Amino acid sequence: MVCVFDFIFLFGIVIGSFLNVCIYRYPKKESLLKGSHCMECGYHLRWYDLIPLFSFLILRGRCRKCHAKLSLQYPLVEGMNGALYVIVFLANGWNYMSVVYCLLTSALIVLSILDFRTMEIADGINLFILLLGIAATLLDLHAWKDHVVGMFSVSVFLLVIYLITVGRGIGGGDIKLMFGAGLLLGWKGAVLAFFLGCIIGSVIHLIRMAVSHAEHRLALGPYLSVGIWFTALWGTPLIDWYIGMIKM
């Protein structure tokens, strides 16, 4: 069994390498298919420079040609994606939904980093999450109504805020994110994910404002992503526990 999880981790870091390409090139509207190169000297990386995690460690975090320092983002994103893939299968078991959740994990990583840097959530990522929501609904067809209601349970509330504040209270990307994630999670999961995201975001951003004097405006996408990911894996028992507490 350990060997299987090793394979999942290795597959995850390979996908993580592609996520780094998306993170760097998507905002610049660059092709995701062209070869990789050093940001400093333009050296075109060979295949042995692109082995996830291992190339970074062997090169000691520097370009092979000009020896410029490479961003820690490369190994961090690769390692995090691989580790989270393993957690998904450990938590959710060996089924098709775990594959959907792994793809969701990768999408949320890219979304979070880009939103944190640019304060925008790319439509392409939201569309991908919506497609994952369709797949999740098809895999849980007996509860399709919960999934469909989930599309609107939070996104409509956010849309009202958007209209009232003329876009100053919430971003359009956040609305689209909860639309697609709501389809994936169902209406109860969407509400829980949004609640967790707001709580986590409030706490962390208040700390950032106190410590690093961050501005009042925050990128909500990364915090919603944490809420969505947690709810996908552990939301059902948490919701059942809460409903049981209410009925007591």
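In this text, all values refer to a predicted model and were calculated from it rather than measured experimentally.
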| query | Please walk me through it: do Leu184 and Val100 pass side chain to side chain contact (heavy atoms under 4.5 Å, CB included)? | reply | CA-CA 9 Å; Leu184 193 153; Val100 172; 4.2 Å; yes

| field | Leu114/Ile125 under side chain to side chain contact (heavy atoms under 4.5 Å, CB included): CA gap, chis, key distance, verdict | value | CA-CA 10 Å; Leu114 290 180; Ile125 301 175; 4.1 Å; yes

| query | Should Ile109 and Leu84 be marked as a side chain to side chain contact (heavy atoms under 4.5 Å, CB included) after you check the CA-CA gap, both sets of side-chain angles, and the distance that decides it? | reply | CA-CA 10 Å; Ile109 289 174; Leu84 293 181; 4.2 Å; yes

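Residues Trp94 and Val4 have side chains in contact (heavy-atom distance under 4.5 Å, counting atoms from C-beta outward). Side-chain contact between Leu104 and Ile129 is present, with heavy atoms from C-beta onward closer than 4.5 Å. Taking 4.5 Å as the limit, every side-chain heavy atom of Ile87 sits out of range of all side-chain heavy atoms of Thr105. Here the side chains of Cys102 and Phe11 are not in contact, with every heavy-atom distance at 4.5 Å or above.
Every residue was checked against the side chain to side chain donor-acceptor pair (under 3.5 Å) condition with Asn126, not counting sequence neighbours, and none meets it. For Ser225, the side chain to side chain donor-acceptor pair (under 3.5 Å) partners two or more places apart in sequence, or in a different chain, are Ser112. When the side chain to side chain donor-acceptor pair (under 3.5 Å) test is applied to Ser98, the partners found at least two apart in sequence or on another chain are Asn92, Asn95. With sequence neighbours left out, the side chain to side chain donor-acceptor pair (under 3.5 Å) criterion links Lys188 to no other residue. Not counting sequence neighbours, the partners of Trp234 by the ring pair (Phe, Tyr, Trp, His ring centres under 6.0 Å) test are Trp229, Phe230.
Sorted by first then second residue, the side-chain hydrogen bond (donor to acceptor under 3.5 Å, both in side chains) pairs that include residues 191-200, not counting sequence neighbours, number zero. Sequence neighbours left out, not one pair with a member in residues 106-120 passes salt bridge (charged side-chain N to carboxylate O under 4.0 Å, His left out).
Leu185 CG to His147 NE2: the interatomic distance, rounded to the nearest 0.5 Å, is 8.5 Å. Atoms CZ and CG, from Phe116 and Leu220 in turn, are 13.0 Å apart once rounded to the nearest 0.5 Å. Between the CD1 atom in Ile23 and the CD1 atom in Ile113 there is a gap of 3.5 Å [rounded to 0.5 Å]. Between Leu218 atom CG and Met209 atom CE the span is 9.5 Å, to the nearest 0.5 Å. One distance of note links CD1 of Ile134 with CG of Leu138; it measures 7.5 Å at 0.5 Å rounding.
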Enumerate, atom names and distances included, each donor-acceptor pair closer than 3.5 Å involving a side-chain atom of residues 173-183, sequence neighbours excluded.
unit_1, atom_1, unit_2, atom_2, d
Asp174, OD2, Gly171, N, 3.4
Lys176, NZ, Asp123, OD1, 3.0

Residues 154-168, side-chain donor-acceptor partners within the protein, below 3.5 Å, at least two apart:
unit_1, atom_1, unit_2, atom_2, d
Ser155, OG, Met151, O, 2.3
Thr165, OG1, Ile161, O, 2.7
Thr165, OG1, Arg168, N, 3.4
Thr165, OG1, Gly169, N, 2.8

Counting only pairs under 3.5 Å, give me each side-chain donor-acceptor contact of residues 13-20, with atom names and distances, residues two or more places apart or in other chains.
unit_1, atom_1, unit_2, atom_2, d
Asn20, OD1, Gln73, NE2, 3.0
Asn20, ND2, Tyr74, O, 3.1

Can I get a per-line list of side-chain donor-acceptor pairs under 3.5 Å for residues 76-83, giving both atom names and the distance, sequence neighbours left out?
unit_1, atom_1, unit_2, atom_2, d
Glu78, OE1, Leu53, N, 2.8
Asn81, OD1, Ser106, OG, 2.8
Asn81, ND2, Gly12, O, 2.7

Counting only pairs under 3.5 Å, give me each side-chain donor-acceptor contact of residues 191-207, with atom names and distances, residues two or more places apart or in other chains.
unit_1, atom_1, unit_2, atom_2, d
Ser202, OG, Cys198, O, 2.8
His205, ND1, Arg208, NH1, 3.4
His205, NE2, Glu215, O, 2.7
His205, NE2, His216, O, 3.3

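A continuous path of Ile, Leu, Val, Met, Phe, Trp and Tyr side chains, each step under 4.5 Å between heavy atoms, connects Tyr96 with Tyr85, placing both in one hydrophobic cluster. Grouping the Ile, Leu, Val, Met, Phe, Trp and Tyr side chains by contacts below 4.5 angstrom, directly or via other members, places Leu132 with Leu233. Under the 4.5 Å side-chain heavy-atom criterion for Ile, Leu, Val, Met, Phe, Trp and Tyr, Leu131 and Leu139 are members of distinct hydrophobic clusters. In this structure, Leu141 is a member of the same hydrophobic cluster as Val148, with clusters built from ILVMFWY side-chain heavy atoms closer than 4.5 Å. Using a 4.5 Å cut-off between side-chain heavy atoms of Ile, Leu, Val, Met, Phe, Trp and Tyr, with links allowed through other members, Tyr26 and Leu130 fall into different hydrophobic clusters.
The two residues Thr231 and Gly189 make their nearest non-hydrogen contact at CG2-O, 3.4 Å.
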